[in-house]
Amino acid sequence: MNKPLLRLNNVSMSYDNRLVVKDVNFELNEGDYLCAVGENGSGKSTLIKGILGLEPVRSGRIELLNGLKRNEIGYLPQQTQVQRDFPACVCEIVISGCLGQSGFFKPFYSTSDKSKMLESLRMLGIEHLRKKSYRELSGGQQQRVLLARAVCSARRLLLLDEPVTGLDPIVSNEMYGLIKELNEKHGMTVIMVSHDIRSALCNANKILHLDAGVEFFGTCSAYLGSDAGRRFFGGGENV
Amino acid sequence: MFEILSGLLSYDFIRRSLLVGSLVSLCAALLGVTLVLKRYSMIGDGLSHVGFGALCISLAMNVSPLTVSVPIVIIAAFFLLRISENSKIKGDAAIALISSTSIALGVIITSLTNGLNTDVSSYLFGSVLAVDKNDVFLSVVLSVTVIIIYIIFYNKIFAVTFDESFAKATGTKTGIFNTLIALLTAVIIVVGMRIMGALLVSSLIIFPALTSMRVFKSFKSVVISSSVISLVCFFLGIAASFIIETPAGASVVIVNAAMFLLFTAAGLILKSGFNKAK
């Protein structure tokens with residue numbers, strides 16, 4: 001199980017000519033659940049985009065190991081304003097996750113794409129919303145739909161960018177539960193960017209604390225004892 | 001009703017306009033859904049103004065309008081798309097600059113060569129008489145190409161419209177599709193401009209998509225219904241212009257506007273009915 005899946009070697013990235021990710025090194029194993037924490041502008045989202053190939057890497061290397069292919073990675077981006085009132089039904093959105101695996105010239109979805117869509121709807125418990133319109137769903141349901149789309153495109157690795165932003169605590173916990181389930185039951189490797197350090201510690205098995213460079217990388221319990229962890233927590237007394 | 005229809009179809013030029021116009025309306029509605037949802041509506045408007053400039057150039061050079069305008073507007077589409085994607089330059093302001101510059105150039109070129117005459121007015125506001133026999137073939141070929149390309153790439157166009165960064169992250173070449181959409185829009189604007197006029201043609205792109213979004217809720221139903229709405233509005237507009245002798249392009253726009261109000265009302269009624277049922 002514990003084969004390495006992703007390795008970053010001295011990765012640096014800039015945004016608007018400003019260095020936001022500096023010399024990041026870490027290695028991720030299959031089945032890991034990594035939570036990237038850090039303050040606003042610490043380069044978490046940029047790093048995720050670098051791994052996905054959305055933003056160029058200035059120096060260093062991002063290696064996909066053990067036969068992991070680009071199109072086996074699922075991605076849950078931060079929601080954009082355009083999407084909130086987009087006229088589309090849940091089916092249409094989730095199945096669009098399958099497009100990555102098909103070639104340039106493939107006009108229609110196959111039956112295996114459709115069964116994959118149904119499977120990921122079932123995994124996230126939103127089968128009943130299949131025919132609903134996206135813009136009529138609640139924030140939590142919308143986020144589940146986008147997660148289902150990510151699952152549809154992901155075989156092995158899921159990258160989640162702030163998956164609980166704007167959700168109330170109850171719905172947030174449901175989301176964390178779902179992600180945990182994908183990780184444990186379905187063997188999906190997860191990288192999640194989050195502001196919510198407490199639930200990150202409850203769920204993830206590894207923590208990456210960024211402040212342009214890596215402040216800390218390691219297991220959750222080691223993080224609590226580290227300087228970076230204590231500082232971010234304000235002493236850690238209210239865990 | 002039948003008499004009006006046969007009256008309409010008895011004129012050669014109206015038959016040509018109806019053929020080209022309905023194909024253009026169909027294509028414009030298809031592309032419009034994506035353009036409106038991606039907040040690119042202004043590109044359509046900008047391109048139509050560039051198209052006016054190009055038409056004036058072709059008139060001054062005394063060559064077939066389509067052969068000059070299509071390449072010029074395609075190049076403009078390419079640049080407008082780059083401008084809109086680049087957040088550092090204010091996209092809408094840049095488009096407004098390009099629009100007014102093109103119109104100004106067009107007017108100057110025309111007044112220096114042929115003088116401002118009825119031709120210019122027909123370019124600005126459209127004319128059913130404008131589609132001549134040579135244009136018909138090229139217009140039909142271009143429109144049918146747009147429709148075929150749209151159907152082949154329908155799923156990818158949906159993905160790129162809904163969430164560009166996801167599509168890109170999972171391996172869809174989003175740049176190609178953005179460019180493709182801009183190019184197809186350029187072609188449709190040039191073809192539709194003769195009937196609708198440079199100032200009015202962008203309504204063909206924007207109105208049907210917005211109208212159908214008032215009521216329909218899935219992407220596929222929005223695409224299909226906006227095509228139907230666009231065709232119906234075009235026919236009603238041309239028929240109205242024939243009966244009460246109003247300008248064709250303007251009549252089509254007014255029918256579209258009426259349809260938009262109708263659908264807005266229908267959308268509100270459906271929504272309140274839905275809430276009561278809950």
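Below, read A as the first sequence line, B as the second, and so on, with proteins coming before strands; counting in each chain starts at 1.
- Once rounded to the nearest 0.5 Å, the distance linking NZ of A:Lys132 with OG of B:Ser218 reads 14.0 Å.
- Listed by first and then second residue, the side-chain hydrogen bond (donor to acceptor under 3.5 Å, both in side chains) pairs that reach into residues 250-266 of chain B are B:Thr246-B:Ser251, sequence neighbours excluded.
- Under a cut-off of 6.0 angstrom, the local environment of OH in A:Tyr109 is crowded, with over 12 non-hydrogen atoms contributed by other residues, nucleotides or ligands.
- Neither the backbone nor the side chain of A:Ile51 comes within less than 4.5 Å of any heavy atom of chain B.
- Although no hydrogens or angles enter the test, the distance criterion places a donor-acceptor pair under 3.5 Å between the side chain of A:Glu92 and the main chain of B:Phe219.
- Looking only at heavy-atom pairs under 4.5 Å with chain B, the residue among A:Val90, A:Ile73, A:Ile93 that has the most is A:Ile93.
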Side chains of residues 162-170 of chain B: which donor-acceptor pairs under 3.5 Å do they make with residues two or more places apart or in other chains?
from     : atom 1 : to       : atom 2 : distance (Å)
B:Asp163 : OD1    : B:Ser165 : N      : 3.4
B:Asp163 : OD1    : B:Ser165 : OG     : 3.3
B:Asp163 : OD1    : B:Phe166 : N      : 3.2
B:Asp163 : OD2    : A:Gln83  : NE2    : 3.2
B:Asp163 : OD2    : A:Arg149 : NH1    : 3.3
B:Asp163 : OD2    : A:Arg149 : NH2    : 2.7
B:Glu164 : OE1    : B:Lys38  : NZ     : 2.9
B:Glu164 : OE2    : B:Asn178 : ND2    : 3.0
B:Thr170 : OG1    : B:Phe166 : O      : 2.9
B:Thr170 : OG1    : B:Ala167 : O      : 3.3

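- Both the backbone and the side chain of B:Thr161 have a heavy atom closer than 4.5 Å to some heavy atom of chain A.
- Both the backbone and the side chain of A:Leu54 have a heavy atom closer than 4.5 Å to some heavy atom of chain B.
- Contact count against chain B (heavy-atom pairs under 4.5 Å) is highest for A:Pro87 among A:Pro87, A:Gly74, A:Cys89, A:Ser96.
- Between B:Phe158 and A:Phe86, the ring-plane angle classifies as perpendicular under the 30° and 60° cut-offs.
- For NZ of A:Lys116, the number of neighbouring non-hydrogen atoms (other residues, nucleotides, ligands) closer than 6.0 Å is greater than 12.
- Heavy atoms closer than 4.5 Å to chain B are found in the side chain of A:Tyr134, but not in its backbone.
- Among B:Thr174, B:Asn155, B:Ile151, the residue with the largest count of heavy-atom pairs under 4.5 Å with chain A is B:Asn155.
- Heavy-atom neighbours of A:Glu39 CD from other residues, nucleotides or ligands within 6.0 Å: at or below the threshold of 12.
- Counting all heavy atoms, side chain and backbone alike, B:Lys217 lies closest to A:Ser133 at O-OG, 3.1 Å.
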